[in-house]
Undergrad: 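My questions will all concern the structure given below.
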Amino acid sequence: EDIKGCWITWNQQAHTVVGVMLALLLVFRTNLAYDRYYDGKGATGKIYSSIRNFNVAVTSFMRTPKPDEEGFSVETDAAIKQALSRDRLRLLRLSNLLYAFIRQALREHRHGYSDTGPVTDGELLRRDRCGKPAVPFLLANDSELEYFSCIDFSNRPIVVFSQMQAITDHNRRMGHI
């Protein structure tokens with residue numbers, strides 16, 4: 001039998017219309033994803049900036065009483081300075097830990113490493129390779145590691161913030177802020 005043509009016809013105009021529609025859909029979706037990415041990046045930047053401003057305020061306003069103020073004592077001045085220095089360092093470490101836990105909570109464990117696959121919660125605490133600040137370097141000791149491993153990842157920023165608030169309130173009550 002002699003085949004002279006195909007029984008299916010392709011309309012060139014239909015291909016053009018479908019191609020234009022797909023191009024517009026692709027551009028719209030890309031633009032939407034781009035906007036969502038930059039909205040998230042802007043919100044994360046505001047969180048980072050707020051934490052940095054908190055650090056500046058706390059380290060600037062935590063001070064020992066002056067000689068003419070109530071609560072000043074030459075004997076306790078060195079001990080107060082040492083305690084304030086310890087509290088400042090602890091607040092700075094906790095603020096970095098707060099940002100690291102916020103970063104992990106925002107990602108909602110939807111990330112993994114290409115060589116190991118999905119990441120468990122314990123691995124995020126013990127070896128957080130993709131984040132800065134990295135959680136393992138910010139945890140003070142093994143007891144703090146165990147403490148945070150018992151807390152759900154979405155509640156860790158709240159716990160760290162409450163610890164920061166307790167330190168700040170203590171110093172406010174003592175008259176150091």
Side-chain angles (χ1 to χ4, degrees), residues 35-113 116 118-177:
D35 289 343
R36 289 184 70 194
Y37 170 77
Y38 272 98
D39 286 345
K41 186 177 178 182
T44 307
K46 287 179 184 177
I47 291 170
Y48 182 78
S49 177
S50 298
I51 291 173
R52 186 182 63 228
N53 290 340
F54 172 78
N55 286 339
V56 169
V58 165
T59 55
S60 298
F61 294 121
M62 285 177 67
R63 61 178 182 80
T64 59
K66 294 183 177 164
D68 58 339
E69 292 179 348
E70 183 181 338
F72 176 77
S73 168
V74 176
E75 297 83 26
T76 60
D77 192 46
I80 291 173
K81 284 182 181 178
Q82 186 178 13
L84 286 176
S85 177
R86 186 175 55 248
D87 284 347
R88 280 187 194 108
L89 289 175
R90 188 163 178 230
L91 282 170
L92 293 175
R93 183 185 64 82
L94 285 173
S95 64
N96 280 327
L97 193 60
L98 174 67
Y99 186 73
F101 283 151
I102 287 173
R103 177 180 45 80
Q104 287 181 355
L106 288 176
R107 291 181 179 173
E108 296 178 352
H109 284 277
R110 290 179 295 177
H111 59 286
Y113 308 125
T116 61
V119 179
T120 65
D121 190 49
E123 287 176 309
L124 277 176
L125 289 174
R126 286 177 177 74
R127 55 181 200 106
D128 184 19
R129 297 185 304 180
C130 290
K132 291 193 180 181
V135 173
F137 301 116
L138 296 172
L139 296 173
N141 49 35
D142 289 336
S143 65
E144 195 171 51
L145 174 73
E146 292 303 318
Y147 175 71
F148 282 114
S149 65
C150 297
I151 300 170
D152 184 51
F153 76 94
S154 60
N155 291 329
R156 288 178 188 148
I158 298 167
V159 171
V160 171
F161 184 76
S162 67
Q163 290 176 357
M164 293 169 65
Q165 185 178 16
I167 295 170
T168 308
D169 275 351
H170 169 74
N171 283 297
R172 183 187 54 81
R173 283 192 307 274
M174 298 299 290
H176 300 165
I177 293 181

Undergrad: Quick one: CG on Leu84 to CE on Met174, what's the gap to the nearest 0.5 Å?
TA: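 One finds 9.5 Å between CG of Leu84 and CE of Met174.
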Undergrad: Testing the basics here: between Val159 and Phe148, what is the closest heavy-atom pair and its distance to 0.1 Å?
TA: CG1-CE2, 3.9 Å
Undergrad: Is the backbone of Val56 close enough, under 3.5 Å, to the side chain of Thr59 for a donor and an acceptor to pair up by distance?
TA: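 It does hold such a pair.
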Undergrad: Distance from Lys41 atom NZ to Tyr48 atom OH, nearest 0.5 Å?
TA: 13.5 Å
Undergrad: Is a side-chain donor or acceptor of Ser50 paired with a backbone partner of Lys46 at a separation under 3.5 angstrom?
TA: yes
Undergrad: Closer than 4.0 angstrom, basic N to acidic O: yes or no for Asp169 and Arg172?
TA: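 Between Arg172 and Asp169 there is a salt bridge, with a charged N closer than 4.0 Å to a carboxylate O.
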Undergrad: Any chance you could measure Leu106, atom CG, to Thr44, atom OG1, to the nearest 0.5 Å?
TA: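 Rounded to the nearest 0.5 Å, the CG-OG1 separation comes to 5.5 Å.
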Undergrad: If you measure from CG on Leu97 to CG on Leu92, what distance do you get to the nearest 0.5 Å?
TA: 12.5 Å
Undergrad: Between Ser49 (side chain only) and Gly45 (backbone N and O only), is there a donor and an acceptor less than 3.5 Å apart?
TA: no
Undergrad: Measure the OG-CD1 distance between Ser85 and Ile80 for me, rounded to the nearest 0.5 Å.
TA: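 Nearest 0.5 Å value for the OG-CD1 distance: 13.5 Å.
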Undergrad: Please report the closest heavy-atom contact between Leu125 and Leu139, naming both atoms and the distance.
TA: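 Heavy atoms only, the tightest pair is O-CD1, 4.0 Å.
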Undergrad: Roughly how far, to the nearest 0.5 Å, is CG of Asn55 from OG of Ser60?
TA: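 Ser60 atom OG to Asn55 atom CG measures 10.0 Å (nearest 0.5 Å).
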Undergrad: Using the side-chain contact (heavy atoms from CB on, under 4.5 Å) rule, take Val58 and Ile167 through it: C-alpha gap first, then chi angles, then the decisive distance, then the call.
TA: CA-CA 10 Å; Val58 165; Ile167 295 170; over 6 Å; no
Undergrad: In this structure, is the centre-to-centre distance between the rings of Phe101 and Phe153 below 6.0 Å?
TA: no
Undergrad: If you take all heavy atoms of Leu138 and Arg93, which pair is closest and at what distance?
TA: O-NH1, 2.8 Å
Undergrad: Only counting residues at least two apart or in another chain, list the ones meeting side chain to side chain donor-acceptor pair (under 3.5 Å) with Asp152.
TA: Ser154
Undergrad: Under a 3.5 Å distance rule, please check whether Glu144 uses its side chain to pair with a backbone N or O of Ala140 as donor and acceptor.
TA: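 Present.
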Undergrad: Counting only N and O atoms by type, is there a donor-acceptor contact under 3.5 Å from the side chain of Arg156 to the main-chain atoms of Ile151?
TA: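 A pair under 3.5 Å: yes.
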Undergrad: So for atom CZ, which belongs to Phe161, do other residues, nucleotides or ligands contribute more than 12 heavy atoms lying within a distance under 6.0 Å?
TA: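 12 or below, so no.
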Undergrad: Under the side-chain contact (heavy atoms from CB on, under 4.5 Å) rule, what do His176 and Arg63 come out as? Steps first, then yes or no, please.
TA: CA-CA 5 Å; His176 300 165; Arg63 61 178 182 80; 6.0 Å; no
